[in-house]
Amino acid sequence: MKLKRPDCETCPVRTLSIFECVDKVHLSEISRTKGFSAYKKGEVIFREGQPALGIYILHSGSVKITKTGVMGREQIVTFAKVGEIMGYQPMFLEEEYDISAVTLESSTICFIHRDKIFKLIEEDKDFAYKFIKTALETTKKVTEIVSSLSQKTVRSRVAESILIINQEFGEDDNGFIQTSLSREDLSAMIGTSSESYIRTLKEFKDDGLISTKGKLIKIEKLGELTQIAEIYNYL
Ligand SMILES: Nc1ncnc2c1ncn2[C@@H]1O[C@@H]2COP(=O)(O)O[C@H]2[C@H]1O
């Protein structure tokens with residue numbers, strides 16, 4: 001659903017984004033020409049294979065970034081936080097999106113056409129620097145995910161995924177992680193079956209490492225969980 005565009009200059013989300021230091025002239029051009037839409041939970045923002053015409057910025061809500069793997073199985077590559085940009089690598093390479101973005105809750109999203117981004121990169125050195133830094137950080141994150149998936153046991157990866165969602169979504173006042181992902185989403189983070197994910201959660205509960213309330217998870221023993229997350233299985 002298209003909505004009235006928020007003004008970039010006064011937008012609090014901008015301070016969390018790579019547009020933080022962009023000058024007034026460029027900001028007003030972006031503000032005037034960007035798209036701004038509302039999405040319901042579970043809606044696709046962009047899909048693998050579509051031409052990457054620009055970048056998306058999460059204005060409110062939360063989003064999972066997924067990639068289709070072997071046998072069409074969905075892998076969650078990462079989550080986007082408010083202020084984060086999505087789809088910028090294929091946009092820069094002028095390719096199709098190699099990932100999909102799907103909302104995890106009601107969300108609002110800004111869209112900036114790639115011509116505007118290329119202009120900013122050419123004319124604003126600070127923005128270009130931030131853009132490169134973000135791209136390299138993402139590459140580092142993806143390398144870590146690949147290494148983790150190929151070298152760690154399911155137990156270790158489940159522990160790691162709990163630490164990741166804790167870091168990404170934060171905790172409520174009672175210490176529960178502030179997201180309720182489906183079991184399919186949880187298992188798609190680590191490339192295992194949902195049965196095996198839930199079985200491992202049960203083991204962690206029995207060992208007192210975590211507690212749960214419905215779909216909410218609370219870390220009870222952070223140190224032990226962190227140790228399990230870092231165990232490498234070279235066999
Ligand atoms: N989608 C989910 N997100 C978080 N926890 C879940 C989800 N589905 C099931 N669980 C938890 O996994 C636990 C496995 O052990 P239990 O059956 O005791 O309780 C289960 C739930 O609390």
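In each ligand, atom 1 is the first atom listed, and ligand 1 is the first ligand listed.
A salt bridge is absent between Glu168 and Lys64: the closest approach of a Lys/Arg side-chain nitrogen to an acidic carboxylate oxygen does not fall below 4.0 angstrom. Ion pairing between a basic and an acidic side chain is recognised when a charged N comes within 4.0 Å of a carboxylate O; Glu160 and Lys152 show such pairing. Of the charged side-chain nitrogens involved, at least one lies within less than 4.0 Å of a carboxylate oxygen, so that Lys130 and Glu20 count as a salt-bridged pair.
The proximity of Ile198 to ligand 1, defined as any non-hydrogen pair under 4.0 Å, involves the side chain as well as the backbone. Within the 4.0 Å heavy-atom criterion, the part of Leu186 lying near ligand 1 is the side chain and not the backbone.
Ranking the protein heavy atoms by distance from atom 6 (C) of ligand 1 puts Leu201 CD1, 3.9 Å first. Summary of contacts: the protein heavy atom closest to atom 20 (C) of ligand 1 is Lys205 NZ, 4.1 Å. Nearest protein heavy-atom neighbour of atom 22 (O) of ligand 1: Thr212 OG1, 2.7 Å. Of the protein's non-hydrogen atoms, the one nearest atom 4 (C) of ligand 1 is Lys215 O, 3.1 Å. When hydrogens are left out, the protein atom nearest atom 17 (O) of ligand 1 is Lys202 CD, 4.2 Å; that is the closest non-hydrogen contact.
Between Val102 and Ile45 the shortest side-chain heavy-atom distance does not fall below 4.5 Å. Side-chain contact between Phe127 and His26 is absent, with no heavy atoms from C-beta onward closer than 4.5 Å.
Of all atoms in ligand 1, listed by their number and element, those nearer than 4.0 Å to a heavy atom of Gly214 are 21 (C), 22 (O). Of all atoms in ligand 1, numbered sequentially from 1 with element shown, those under 4.0 Å from a heavy atom of Ser182 are 1 (N). Interface atoms of ligand 1 facing Leu181, defined by a heavy-atom separation under 4.0 Å, are 1 (N), 2 (C), 3 (N).
Not one N or O on the side chain of Ser147 forms a donor-acceptor pair closer than 3.5 Å with the backbone of Thr143.
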Extract all donor-acceptor atom pairs below 3.5 Å that involve side chains of residues 87-95 and protein atoms in other chains or at least two apart in sequence.
unit_1 : atom_1 : unit_2 : atom_2 : d
Tyr88  : OH     : Thr134 : O      : 3.2
Tyr88  : OH     : Thr138 : OG1    : 2.5
Gln89  : NE2    : Ala135 : O      : 3.4

